[in-house]
Amino acid sequence: MLLVGPVQVAARGLLGCLVTDGGVTLRLTEVEAYAGIGQDPGSHAHRRRTPRNASMFGPPGHAYVYFTYGMHWCLNVVCGPVGHASAVLLRAGEVIEGIGVARGRRRRGRDRDLARGPARLATVLAVDRAVDGTPMLDGTGPLRLSDRYPVDPKSIRSGPRVGVAVDHPWRFWIAGEPTVSPFRPYLSRRPPPGNPAAGRTPGAEESAG
DNA sequence: AGTAGGATAATCT
DNA sequence: GATTATCCTACTG
């Protein structure tokens with residue numbers, strides 16, 4: 001699998017790949033690409049290196065895990081090279097092994113929703129702060145990223161990333177997969193004064209299907 | 001089916 | 001002090 005190179009290419013290549021924590025294995029159906037300093041206003045690494053985003057500057061194939069909204073963990077695969085920040089957010093997957101363990105970690109929802117959305121995916125893989133910075137390719141860490149179920153390039157769709165204000169079409173998913181999460185445009189907390197209706201920005205329409 | 005609002009705390013300004 | 005790469009519940013139709 002090719003992680004070093006344009007992060008959008010790496011993102012496409014991660015669709016269909018398997019991620020396992022030993023108890024649960026997912027087949028990835030939806031991902032998003034995030035680039036580095038000065039290249040991507042939507043990226044955690046847009047401005048500079050900080051304690052939180054340090055893993056994004058580390059070796060490719062390692063995990064970048066962050067905590068958000070006061071309650072959710074999210075898992076990324078770092079894409080190289082060292083010193084150049086980029087990562088692919090793992091947004092959704094299909095549980096293909098360890099369904100019982102997965103149900104134990106997420107008691108609510110239908111099976112197809114177990115890893116539908118980045119925080120749900122992290123929950124099902126038991127990802128938290130301890131996973132940040134660990135290798136995913138050599139089997140020495142808690143996670144294992146392995147090679148890929150065949151994905152027809154024609155079945156890959158792309159569109160704006162979820163919840164990102166100004167955006168490139170750097171979200172990628174496999175068409176027709178029920179595990180792909182619904183699209184949601186960026187929503188600002190406080191509507192701009194004088195414009196009471198909305199803090200929406202126009203986004204794209206489709207999701208899965 | 002679709003939308004609206006709240007939860008909740010690390011991180012950054 | 002404001003923001004946030006989200007999810008859940010409740011409500012409307």
Side-chain angles (χ1 to χ4, degrees), chain A residues 7-8 10-11 14-15 19 28-57 63-79 85-93 102-103 105-133 158-173 178-193 196-209:
Chain A
V7 68
Q8 309 94 302
L14 283 167
L15 290 173
V19 198
L28 300 176
T29 57
E30 181 193 357
V31 298
E32 283 177 356
Y34 288 88
I37 293 177
Q39 304 171 11
D40 180 4
S43 172
H44 288 167
H46 176 53
R47 290 180 168 280
R48 61 182 138 302
R49 181 173 180 147
T50 68
R52 175 174 70 161
N53 67 26
S55 295
M56 281 186 76
F57 294 80
Y64 166 50
V65 176
Y66 66 88
F67 186 66
T68 191
Y69 289 100
M71 60 195 102
H72 298 304
W73 298 97
C74 295
L75 171 65
N76 297 248
V77 177
V78 174
C79 298
S86 70
V88 174
L89 173 66
L90 307 186
R91 287 198 57 90
R103 288 195 193 112
R105 290 172 180 167
R106 272 191 53 80
R107 308 290 289 279
R108 45 180 107 260
R110 317 200 293 159
D111 282 356
R112 73 164 212 183
D113 293 326
L114 284 170
R116 191 179 190 222
R120 294 166 173 179
L121 181 149
T123 297
V124 157
L125 289 176
V127 164
D128 63 11
R129 174 135 240 131
V131 175
D132 185 42
S158 67
R161 296 170 296 187
V162 173
V164 174
V166 177
D167 214 15
H168 322 273
W170 286 359
R171 173 179 177 239
F172 303 95
W173 68 94
T179 56
V180 174
S181 68
F183 179 76
R184 174 179 59 78
Y186 173 77
L187 208 59
S188 75
R189 235 77 330 216
R190 296 230 183 268
R200 281 171 101 270
T201 62
E205 54 294 337
E206 25 45 53
S207 172

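Values in this document were obtained by computation on a predicted structure and should not be read as measured data. First the proteins, then the strands, lettered A, B, ... as listed; each starts at 1.
- Residue-level contact check: G42(A) touches the bases, meaning some heavy atom is under 4.0 Å from a base atom.
- Atom C1' of nucleotide dC7(C) and atom CG of L89(A) are separated by 14 Å, given to the nearest angstrom.
- Per the geometry, CG belonging to D128(A) stands 16 Å off P belonging to dA9(B), to the nearest Å.
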*asked:* S86(A) vs M56(A), test: side chain to side chain contact (heavy atoms under 4.5 Å, CB included). Steps then yes/no.
replied: CA-CA 6 Å; S86(A) 70; M56(A) 281 186 76; 5.5 Å; no

Atom pairs, N/O to N/O, protein against nucleotides 2-7 of chain B, distance under 3.5 Å?
from   : atom 1 : to      : atom 2 : distance (Å)
dA7(B) : N6     : R189(A) : NH1    : 3.3

_The test is side chain to side chain contact (heavy atoms under 4.5 Å, CB included); show your working for Y64(A) and D132(A) and say whether it passes._
CA-CA 5 Å; Y64(A) 166 50; D132(A) 185 42; 3.8 Å; yes

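- When distances are taken from the side chain of R129(A) to each of dC7(C), dT11(B), dA5(C), the shortest belongs to dT11(B).
- For Y34(A) and H44(A), the ring centers sit 6.0 Å or farther from each other.
- A donor-acceptor pair under 3.5 Å links the side-chain atoms of R116(A) to the main chain of V180(A), judged by distance alone.
- Per the geometry, OH belonging to Y66(A) stands 15 Å off C1' belonging to dA9(B), to the nearest Å.
- Look at R108(A) and you'll find a side-chain N or O under 4.0 angstrom from OP1 or OP2 of dT9(C).
- Summarising the geometry, the separation between NE2 on H46(A) and C1' on dT11(B) is reported as 16 Å, rounded to the nearest angstrom.
- When the P atom of dT11(B) is taken as reference, atom CG of D132(A) falls 10 Å away, rounded to whole Å.
- Both key distances under 3.5 Å define a Watson-Crick or G-U pair, and stretches of 3 or more such consecutive pairs in DNA chain C run B:1-7 with C:6-12, B:9-12 with C:1-4.
- Out of dC8(C), dA5(C), dT6(C), the shortest distance to the side chain of Y34(A) is found at dA5(C).
- Phosphate proximity of dA5(C) to S43(A): absent, as no side-chain N or O sits under 4.0 Å from OP1 or OP2.
- For Y186(A) and dT3(C), the OH to P distance is 8 Å, given to the nearest whole Å.
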*Could you walk me through whether R103(A) and D111(A) pass the salt bridge (charged side-chain N to carboxylate O under 4.0 Å, His left out) check?*
CA-CA 8 Å; R103(A) 288 195 193 112; D111(A) 282 356; 2.8 Å; yes

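- Taking atom CG of L114(A) as the reference point, atom P of dC8(C) lies 11 Å away to the nearest angstrom.
- Regarding contacts with the backbone of dC12(B), every side-chain N or O of R48(A) stays at 4.0 angstrom or more from both OP1 and OP2.
- If you check dT6(C), dC8(C), dA9(B) against the side chain of C74(A), the one that comes closest is dT6(C).
- A donor-acceptor pair under 3.5 Å is formed between the side chain of D167(A) and the backbone N or O of R161(A).
- Taking only side-chain nitrogens and oxygens, R107(A) never comes nearer than 4.0 Å to OP1 or OP2 of dC8(C).
- Each of T68(A) and N53(A) lies near DNA chain B, and the nucleotide nearest T68(A) is the one positioned closer to the 5' end.
- When the side chain to side chain donor-acceptor pair (under 3.5 Å) test is applied to H168(A), no partner is found at least two apart in sequence or on another chain.
- Across dC7(C), dA5(C), dT13(B), the shortest atom-to-atom separation from the side chain of R47(A) is found for dT13(B).
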*Going through the distances and angles, do L89(A) and C74(A) end up as a side chain to side chain contact (heavy atoms under 4.5 Å, CB included)?*
CA-CA 8 Å; L89(A) 173 66; C74(A) 295; 4.0 Å; yes

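- Between the side chain of R105(A) and the backbone N or O of V124(A) there is at least one donor-acceptor pair closer than 3.5 Å.
- Between R184(A) and the phosphate of dA5(C), there is no side-chain N or O to OP1/OP2 separation shorter than 4.0 Å.
- Protein atom CE of M56(A) is 10 Å distant from nucleotide atom C1' of dA5(C), rounded to whole Å.
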*Could you walk me through whether V65(A) and S55(A) pass the side chain to side chain contact (heavy atoms under 4.5 Å, CB included) check?*
CA-CA 8 Å; V65(A) 176; S55(A) 295; over 6 Å; no

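- With dT4(C), dT6(C), dA5(C) as the choices, the nucleotide that has an atom nearest any side-chain atom of V162(A) turns out to be dT6(C).
- If you check dC7(C), dT6(C), dT13(B) against the side chain of R91(A), the one that comes closest is dT6(C).
- Inter-residue side-chain proximity for V88(A) and N76(A) is flagged as unmet; no heavy-atom pair is nearer than 4.5 Å.
- Contact annotation for R52(A): backbone-only contact, meaning every heavy-atom pair under 4.0 Å involves sugar-phosphate atoms and none involves a base.
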